[in-house]
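Down below is the structure, laid out as structure tokens.
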Amino acid sequence: MSEYNPAAIEPKWQKYWIENKIFKTDDTDRSRPKYYVLDMFPYPSSSGLHVGHPEGYTATDIIARYKRKKGFNVLHPMGWDAFGLPAEQYAIKTGTHPKITTKENIKRFREQLQSLGFSYDWDREVDTTDPAYYKWTQWIFLQLYKQGLAYQSSVAVNWCPELGTVLANEEVIDGKSEVGGFPVIRKPMRQWMLRITAYAERLLDDLEEVDWPDSIKEMQRNWIGRSVGADIDFRVSGHDGTGNQGLARKKPDHEDVIRVFTTRPDTLFGATYMVLSPEHPLVDVITTPEQVDVVKAYRAGAANKSELDRTDLNKDKTGVFTGGYAVNPCTGKDIPVWVADYVLMTYGTGAIMSVPGHDERDWEFAVKYGLPVVEVVKGGDVSKAAYTDTDDGIVVNSANDEVSINDLPVAEAKVKITNWLEKKGLGEKTVNYKLRDWLFSRQRYWGEPFPVIFVNGEPKPMRDEDLPVTLPEVERYKPSGTGESPLATIEEWVNTTDPETGAPARRETNTMPQWAGSCWYYLRYIDPDYTEGPVSPEKERYWMPVDLYVGGAEHAVLHLLYARFWHKVLYDVGVVSTKEPFQRLVNQGMILGELEFTAWKDADGNYVPANALEPGVEYQPEKLSEEQIGKKGTDFVITGTGIVIDARSFKMSKSRGNVINPDIVVEKYGADSLRLYEMFMGPLEQVKPWSMKGVEGVYRFLKRVWRTFVDEETGKLRSEIADAEPDRDQLKIMHETIKKVTDDIEGHRFNTAISQLMIFNNEAMKWAVKPRGLMKTYIRLLDPFAPHIAEELWEMLGETEVLAYTEWPAYEEKYLQSDSMVIAVQVNGKLRASIEIPSDKVMDKEFVLAQARGNGQVRKYLDGVTVVKEIFVPGRIVNIVVRG
RNA sequence: GCCGACGUGGUGGAAUGGUAGACACGACAGACUUAAAAUCUGUUGGGCCUUAUAGCCCGUGCCGGUUCGAGUCCGGCCGUCGGUACCA
């Protein structure tokens with residue numbers, strides 16, 4: 001071999017690593033520190049790996065290879081999140097069992113990942129669809145059940161007739177299904193729910209303990225949505241209010257009392273009407289006979305609204321008067337009770353007190369329906385808009401015989417009025433969360449069956465020894481049409497007996513959502529063959545928590561919140577020893593398609609500048625090539641015309657045709673080039689556009705590295721590589737490179753680490769004598785990034801031990817020094833000269849300043865002026881401040 | 001609307017408050033070649049001036065501030081992207 005030929009060396013080393021189990025984790029060694037570096041495992045889709053996958057996977061692989069060299073016992077596994085809708089939809093279309101499709105897809109994914117040279121311990125592969133795996137998913141569900149955290153509920157869920165299934169909120173986008181874009185309506189069904197709300201406070205508090213990006217923590221906080229306020233009871237007018245004393249506190253749906261939640265108890269005196277959600281049980285009690293028809297019609301309308309309609313109607317609030325009144329506990333006045341669907345039954349108590357003076361929604365509604373607006377916080381003009389400032393506002397018009405909160409700032413007023421309410425038994429301080437319980441069942445075939453049977457219609461959890469409950473073989477995968485899963489149609493599976501008593505029983509036909517398997521897979525990697533539980537306690541204690549978790553930001557909220565929830569439950573039942581599963585989290589940025597240039601044409605075929613497009617008008621896009629465009633100011637234009645065009649990158653998608661297949665890249669440039677390019681593109685966390693030219697750039701770099709070591713004429717190691725003593729300059733750049741690459745890997749700045757590897761090679765290419773020791777050090781630095789070429793060159797250097805476990809080089813400070821340093825000289829902050837100072841003098845302020853003043857360029861600026869001040873930054877810069 | 005991230009050459013991007021543009025792509029010029037590819041060498045933010053590869057001015061979305069010194073810190077705008085949305 002003479003030229004750099006990745007197609008030859010990459011398969012060779014991949015085979016070697018796998019056959020010799022080079023990256024198998026030693027699970028008997030407890031003497032070394034551990035490092036658990038985890039990727040978000042992929043859903044093995046039929047379309048194969050996407051260039052987005054290897055981005056995070058390369059980053060973690062670099063870390064894993066680096067940590068091994070640093071002496072850590074590294075756990076770096078991979079597996080498959082293989083339940084999911086696409087396999088089931090394919091089965092419906094073709095009749096192919098999802099198991100078969102899944103198996104094929106996994107095989108393809110595994111081959112693709114192995115062709116990229118990732119250093120996974122393949123003996124720890126997990127597959128969420130494997131009964132040996134989902135046995136423990138079911139077991140964990142039973143723990144939740146036993147903790148009272150799983151319950152059934154009939155809830156109005158997102159029913160999608162086209163998909164024949166119920167969707168979670170997160171699968172509905174703008175009132176349409178995320179998959180396929182079909183309409184979604186609301187339909188009540190029996191569902192399993194998980195009481196994640198019981199863990200809301202801990203999920204919020206423990207974010208303090210993890211090393212995650214602030215933005216992700218903030219997103220989780222917003223999702224949990226903690227708000228502090230008060231529950232307040234309003235007596236229904238015309239009722240005697242017996243329920244208003246003490247008893248009502250425990251019975252919020254007492255028929256005499258409307259309980260509301262508010263974050264603004266300070267505005268209670270300004271509550272001029274109330275609103276119940278259409279689903280609120282008290283609507284029937286309160287509605288007067290005259291209003292029954294109109295209320296009934298309104299509720300029916302609200303119930304039939306799809307999510308899309310609800311979104312559309314956001315701008316225009318609607319509601320009807322019930323005819324009933326309630327009593328404002330502060331003013332003692334009767335206020336009307338309305339029904340409106342801008343109040344949600346699923347948040348707070350499903351009822352609100354309306355303070356139109358100080359809440360925008362209430363203001364809008366009050367103006368529309370002619371309800372009174374009262375000012376109780378001074379600072380705005382409530383006849384024009386609601387005044388919602390809580391920092392500067394001062395409470396007014398808020399006193400009765402017993403209490404006054406007038407003249408207090410909002411925060412103090414809240415405390416005082418809440419205390420008064422508590423004393424009177426009319427209300428209390430409360431905390432509410434936006435977070436809802438987790439809808440945990442799907443009407444699908446391809447998911448984990450619930451380990452639950454129904455005996456005489458009552459749910460009964462199965463015993464541990466009866467797990468797993470496996471999926472039956474079926475003939476057809478079509479939804480039953482009733483909304484139940486296809487499992488409901490398989491009589492011989494559904495009808496069973498209670499293994500404990502032999503009594504006839506029916507199986508649960510719902511299956512678990514895809515999130516289930518991914519909630520705990522990181523534990524199974526630790527001990528994939530353990531049969532006594534999800535993971536053995538000893539190994540769990542050694543390996544947990546995950547030290548570094550890398551994946552896409554699209555999982556910032558849901559997957560990470562669900563997994564944290566399960567982990568805390570497992571912590572409570574003693575299965576795991578850490579409160580949080582993922583100590584450090586990094587989100588890789590999305591990789592976009594190549595930059596595209598688009599010009600726009602109107603109906604007549606004339607170009608319209610991109611900055612003059614009018615909304616609502618249809619334009620024809622025209623894709624332009626790079627030769628057709630120029631730059632004018634900050635805009636891109638069609639060459640010679642001044643017509644502004646759009647220049648941007650788009651998310652890769654099949655429909656746009658800008659998807660890059662990693663196989664093609666590997667075939668043409670090799671896995672090392674793909675890995676290197678994905679890291680060289682820019683910071684890991686950032687969104688970045690793909691560029692094939694960029695791939696060629698790193699490919700050329702690897703070719704140059706090859707030629708630094710290999711004589712292409714002979715195919716042998718270059719004769720310049722010799723057992724010679726390195727000179728001072730060589731040592732300097734070597735140690736600079738060690739320092740930079742080490743620091744940058746630790747800081748996940750892979751792009752600048754690679755840039756330093758390039759700088760070293762550019763230098764080393766010029767050396768007439770290349771000291772063998774330095775060249776070997778360089779290979780060890782290159783190895784985490786481009787392991788195949790590194791391994792090959794390592795072998796050519798005569799080494800027999802595999803590179804993976806060689807020691808990471810250390811730099812020495814003394815080699816970083818040079819004889820002299822260049823110091824910048826500024827006058828009044830402007831650079832005027834650069835002077836060279838011997839290294840042993842750079843700390844000598846007087847010497848350096850004297851040199852600076854004496855410099856010919858500098859002197860010009862010192863003539864005839866007064867030196868006011870001299871700034872001296874050792875080794876960096878001097879700044880002479882002058883006046884005159 | 002709210003929350004978050006980000007605005008630096010033709011492009012991707014570098015830059016502990018201390019010489020803006022490292023490294024790479026592209027482009028241009030040259031070498032090698034019958035030619036092309038590959039490879040190598042040089043130039044490459046804009047402008048002024050010059051024999052000069054000496055020097056000068058401008059320049060990190062816009063406006064202002066702090067500082068001897070700001071891409072970096074602070075305040076206010078504008079724009080792009082992501083998340084979220086009647087959450088009381």
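From a predicted model like this one, the values you see are computed outputs, not experimental measurements. Naming convention: chains lettered A, B, ... in sequence-line order (proteins, then strands); numbering from 1 in each chain.
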Protein proximity profile, nucleotides 11-17 of chain B - base contact B, sugar-phosphate-only contact S, no contact -, cut-off 4.0 Å on heavy atoms: SBSS-B-
Distances under 3.5 Å only, N/O to N/O: pair up the protein atoms with those of nucleotides 38-40 of chain B.
| unit_1 | atom_1 | unit_2 | atom_2 | d |
| --- | --- | --- | --- | --- |
| A38(B) | O3' | Lys703(A) | NZ | 3.4 |
| U39(B) | O3' | Arg707(A) | NH2 | 2.9 |
| C40(B) | OP1 | Arg707(A) | NH2 | 3.2 |

Report, one pair per line, the protein and nucleotides 67-77 of chain B atoms (nitrogen or oxygen only) whose separation is under 3.5 Å.
| unit_1 | atom_1 | unit_2 | atom_2 | d |
| --- | --- | --- | --- | --- |
| C68(B) | OP1 | Lys869(A) | NZ | 3.2 |
| C68(B) | O2' | Asn879(A) | ND2 | 3.2 |
| C68(B) | O2 | Asn879(A) | ND2 | 2.5 |

Lys693(A) NZ - C25(B) P separation (whole Å): 10 Å
Among Arg648(A), Arg656(A), Lys651(A), the one residue meeting salt bridge (charged side-chain N to carboxylate O under 4.0 Å, His left out) with Glu596(A): Arg656(A)
Stepwise salt bridge (charged side-chain N to carboxylate O under 4.0 Å, His left out) test for Arg226(A) and Glu201(A): CA-CA 8 Å; Arg226(A) 183 180 197 266; Glu201(A) 197 73 41; 3.1 Å; yes
Protein-nucleotide distance (Leu276(A), atom CG; C86(B), atom C1'), rounded to Å: 16 Å
5' precedence on RNA chain B between Met353(A) and Ala553(A) (nearest-nucleotide basis): Ala553(A)
Sugar-phosphate only, base, or nothing, as touched by Gln857(A) at under 4.0 Å among non-hydrogen atoms: sugar-phosphate
Check: Asn761(A)/Thr708(A) side-chain N/O donor and acceptor closer than 3.5 Å: yes
Asp744(A) CG - C23(B) P separation (whole Å): 15 Å
Aromatic ring pairing Tyr4(A)/Tyr699(A), orientation class (parallel under 30°, perpendicular over 60°, tilted between): tilted
Presence of Asn762(A) side-chain N/O under 4.0 Å of A24(B) phosphate oxygens OP1/OP2: yes
Inter-nucleotide P distance (A54(B), U43(B)), Å rounded: 13 Å
Which residues share a side chain to side chain donor-acceptor pair (under 3.5 Å) with Glu736(A), sequence neighbours left out: Lys732(A)
Sugar-phosphate only, base, or nothing, as touched by Val822(A) at under 4.0 Å among non-hydrogen atoms: base
Nearest-0.5 Å distance, OG1 of residue Thr197(A) to CZ of residue Arg436(A): 11.0 Å
P gap between U60(B) and C73(B), integer Å: 15 Å
Working for side-chain hydrogen bond (donor to acceptor under 3.5 Å, both in side chains), residues Thr737(A) and Gln756(A): CA-CA 6 Å; Thr737(A) 302; Gln756(A) 185 63 36; 3.1 Å; yes
Over 12 non-hydrogen atoms of neighbours within 6.0 angstrom of CE in Met843(A): no
Sugar-phosphate only, base, or nothing, as touched by Tyr861(A) at under 4.0 Å among non-hydrogen atoms: sugar-phosphate
Nucleotide of A88(B), A22(B), C86(B) approaching Asp341(A) most closely (side-chain heavy atoms): C86(B)
Sugar-phosphate only, base, or nothing, as touched by Ser834(A) at under 4.0 Å among non-hydrogen atoms: base
Sugar-phosphate, base or nothing in reach of Gly697(A), heavy atoms under 4.0 Å: sugar-phosphate
Touch class at under 4.0 angstrom, heavy-atom based, for Lys434(A) against every strand present: base
Gap between atom CZ of Phe234(A) and atom CD1 of Ile352(A) - 0.5 Å precision: 10.0 Å
G79(B) versus C62(B) - spacing of their P atoms, nearest Å: 15 Å
Rounded distance in Å between the C1' positions of G71(B) and G55(B): 26 Å
Options C23(B), G83(B), A88(B), nucleotide nearest the side-chain atoms of Met758(A): C23(B)
Residue Lys860(A), side-chain atoms from C-beta onward, closest of C57(B), G55(B), C23(B): G55(B)
For atom CZ of Arg436(A) and atom C1' of A88(B), their distance in whole Å: 13 Å
Distance in angstrom units between Ile733(A) CD1 and C23(B) P, rounded: 11 Å
Full working for salt bridge (charged side-chain N to carboxylate O under 4.0 Å, His left out) between Arg859(A) and Asp863(A): CA-CA 6 Å; Arg859(A) 220 175 317 156; Asp863(A) 274 353; over 6 Å; no
Atom C1', compared across U84(B) and A20(B): separation rounded to whole Å: 38 Å
Asp214(A) CG - G82(B) C1' separation (whole Å): 16 Å
Residue Lys217(A) excluded, over 12 heavy atoms near NZ under 6.0 Å: yes
Glycosidic class, syn or anti, of G46(B) using a 90° window around 0: anti
Crowding at CD, Glu360(A) (>12 non-hydrogen neighbours, <6.0 Å): no
Tyr669(A)/Tyr677(A) under ring-ring contact (aromatic ring centres under 6.0 Å, His included): CA gap, chis, key distance, verdict: CA-CA 10 Å; Tyr669(A) 304 103; Tyr677(A) 174 64; 9.6 Å; no
Sugar-phosphate only, base, or nothing, as touched by Ser354(A) at under 4.0 Å among non-hydrogen atoms: nothing
Intermediate values then yes/no, side chain to side chain contact (heavy atoms under 4.5 Å, CB included), Leu781(A) and Met734(A): CA-CA 10 Å; Leu781(A) 297 176; Met734(A) 181 80 261; 3.9 Å; yes
Separation of the C1' atoms in U19(B) and A29(B), to the nearest angstrom: 29 Å
Position toward the 5' end of RNA chain B (nearest nucleotide), Arg832(A) or Thr263(A): Arg832(A)
Set of ring pair (Phe, Tyr, Trp, His ring centres under 6.0 Å) partners for Phe872(A), sequence neighbours left out: none
Stem list, RNA chain B (Watson-Crick or G-U pairing under 3.5 Å, at least 3 consecutive pairs): B:1-7 with B:78-84, B:10-12 with B:23-25, B:26-31 with B:39-44, B:45-48 with B:55-58, B:61-65 with B:73-77
Residue-phosphate contact under 4.0 Å: Tyr273(A) side-chain N/O, A88(B) OP1/OP2: no
Gap in Å between the two P atoms, one belonging to U72(B) and one to C81(B), rounded: 24 Å
Between U84(B) (C1') and Ile216(A) (CD1): distance, integer Å: 13 Å
Euclidean distance for P, G47(B) against G10(B) (whole angstrom): 10 Å
Short side-chain N/O contact from Lys766(A) to OP1 or OP2 of U41(B), under 4.0 Å: no
